[in-house]
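Here the structure is laid out as structure tokens; the discussion comes afterwards.
Just so you know, ligand 1 is whichever comes first in the structure, and atom 1 is the first atom listed for that ligand. The structure presented is a predicted model; accordingly, all values stated were derived computationally and were not measured.
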Amino acid sequence: MGVSGGIAAYKAAEIVSRLTRLGADVHVIMTAAATRLVGPMTFQGVSGNPVATDLFAEPRRWNIEHIALADRAQLVLVAPATANVMGKLAAGIADDFLTTTILATEAPVILAPAMHDRMWRNPIVQANAERLRRAGFAIIEPEYGRLASGALGQGRLPDPESVVEVVVQAMFRPKDLAGVPVLVTAGPTRERIDPVRYLSNFSSGKMGYSLAAAAAERGARVTLVSGPVDLPSPPGVEVVRVDSAVEMAEEVWRRAAAAQVVVMAAAVADYRAAEAATAKLKRGSGDLVIRLVPNPDIIGELGRTKGKRLLVGFAAETDDLVINARAKLAAKNLDLVCANWVDRAGQGFGTDTNALTLIDRSGGVLEVPLQDKRAVAHAVWDRVRGLLGAGETEVLVPPAPDPCLPSGDGQC
Ligand code: CTP
């Protein structure tokens, strides 16, 4: 466990204490700045192990101590992770015990940033965080709340219990999707009307991103085809960014052949403008009529050419949830449909939580109660895992091209 020099370093002692009580063998590495805030003896006391602070100190247990720690670690947690430590890691700088150990380890690394909210929002810090995510580091998002400065903002280290929960999940999450190629879609699509306007919907992409992150945690090889959203790439996931439904269809159909499971969580726009204007539409005195033509039904086409691939769809409904979801499952030849109410508090578009009704081909219905979208995502993968185990799996033929891909003039 790395402790860097943020005010939240005092919370790190509680994290070490909880992990130790759970039976973990915790070795703490402190940066020089952290030692100014909390004494190394505190961490030695709660972990029962010597605390590493100085790269050039006499080795106490192993030769080249940072390499020995890097080799032995099953997981590295840095809490709090300062902007400085994140910047150094993102740049590959190793100038102290902590950064050297992290660059030398093959264990999963979880960073729990904590800093002033303006620092966290700084584009350079955000770019570093994104770079680290892409390199496979997991980042526990700082919480919103009262900061050390007294101001309110996003920058707090989550409470020790939540941090420990993330560590435990990362260490003991079953790798029951190891090597399974998975394709997930997320977010809305944007359908251009003219160079400055588009039709879209309120999807935030959070459910699809949680599904992709959860599958990667379980060992799947995940590709995420994402509509335009403001979310960081989940660690270990290949993200393909698209804008319109037609672009999403092309990317999904091209990649679906290699996937064993396809989960369409995207809120795909069903229609697009027959012809997007090339010049900005001007305000006129009368009504404006825009003719809309249907977009390709991405999942419907996958259902038609399905083979043994497992196809999971979403059904966002405002009434008759189960009846409508069952009809979608049958009409689109799905194996599982995840139905949710889009007009209930805490569920659906834009929220951090969700509740789903999972309906499978054989009629089985499972209620997933309202909870964090990541936990909901794992409940979906539990069900998918069950369905994969029940059937055979094989490599599939690519789907036929959709008869309704637009030609250059916007017609099908
Ligand atoms: N979907 C798709 N292509 C579309 C529209 C939807 O692949 N053009 C997928 C969604 O990703 C979702 C499922 O189809 O997995 C159902 O989406 P939804 O919008 O609820 O259903 P529709 O079939 O569009 O039906 P309706 O909007 O009439 O309820």
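The distance criterion of under 3.5 Å between nitrogen or oxygen atoms is not met by Gly300 with respect to ligand 1.
Counted by atom type alone, Glu217 and His378 present one or more donor-acceptor pairs between their side chains at under 3.5 Å. Side-chain atoms of Arg118 and Ser149 form no donor-acceptor pair, as typed in the model, at a separation below 3.5 Å.
In the displayed structure, Asp95 atom CG is contacted under 6.0 Å by more than 12 heavy atoms of other residues, nucleotides or ligands.
Judged by the shortest distance from any of its heavy atoms, Ala245 lies outside the 4.0 Å radius around the atoms of ligand 1. Taking a 4.0 Å cut-off on heavy atoms, Asn295 fails to register as neighbouring ligand 1.
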| task | Could you walk me through whether Leu231 and Lys206 pass side-chain contact (heavy atoms from CB on, under 4.5 Å), step by step? | result | CA-CA 8 Å; Leu231 294 173; Lys206 286 178 187 167; 4.2 Å; yes

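Using a 4.5 Å cut-off on side-chain heavy atoms (C-beta onward), Leu334 and Leu336 make no contact. Between Phe314 and Leu211 the shortest side-chain heavy-atom distance falls below 4.5 Å.
Side-chain N or O atoms of Glu191 include one that pairs as donor or acceptor with a backbone N or O of Ala245 at under 3.5 Å. Side-chain N or O atoms of Arg156 include one that pairs as donor or acceptor with a backbone N or O of Arg146 at under 3.5 Å.
Which parts of ligand 1 touch Asp270 is read off a 4.0 Å heavy-atom cut-off, strictly below it: atoms 4 (C), 5 (C), 8 (N), 24 (O), 27 (O). Heavy-atom proximity to Lys332, at under 4.0 Å, picks out these atoms of ligand 1: 14 (O), 22 (P), 23 (O). In summary, the atoms of ligand 1 found under 4.0 Å from a heavy atom of Pro296, numbered by their order in the structure, are 3 (N), 4 (C), 8 (N). Atoms of ligand 1 found under 4.0 Å from any heavy atom of Lys328, numbered from 1 in the order shown, are 18 (P), 20 (O), 21 (O), 22 (P), 25 (O), 26 (P), 29 (O). Close contacts between ligand 1 and Ile299 involve ligand atoms 2 (C), 7 (O), 9 (C), 14 (O) [criterion: under 4.0 Å to a heavy atom].
For atom 28 (O) of ligand 1, no protein heavy-atom neighbour is found at a distance under 4.0 Å.
Tested against Val85, the residues Asp96, Thr31, Val3 include a single side chain to side chain contact (heavy atoms under 4.5 Å, CB included) partner, Thr31.
Counting heavy atoms closer than 4.0 Å to ligand 1, residue Ala267 contributes nothing at all.
Of the candidates Ala339, Ala266, Ser203, Gly313, Ala266 brings a heavy atom nearest to atom 10 (C) of ligand 1.
At the top of the distance list for atom 16 (C) of ligand 1, counting protein heavy atoms only, stands Phe314 O, 2.8 Å. Given atom 3 (N) of ligand 1, the protein heavy atom at minimum distance is Ile298 N, 3.0 Å. At the shortest separation from atom 6 (C) of ligand 1 among protein heavy atoms lies Val268 CB, 4.0 Å.
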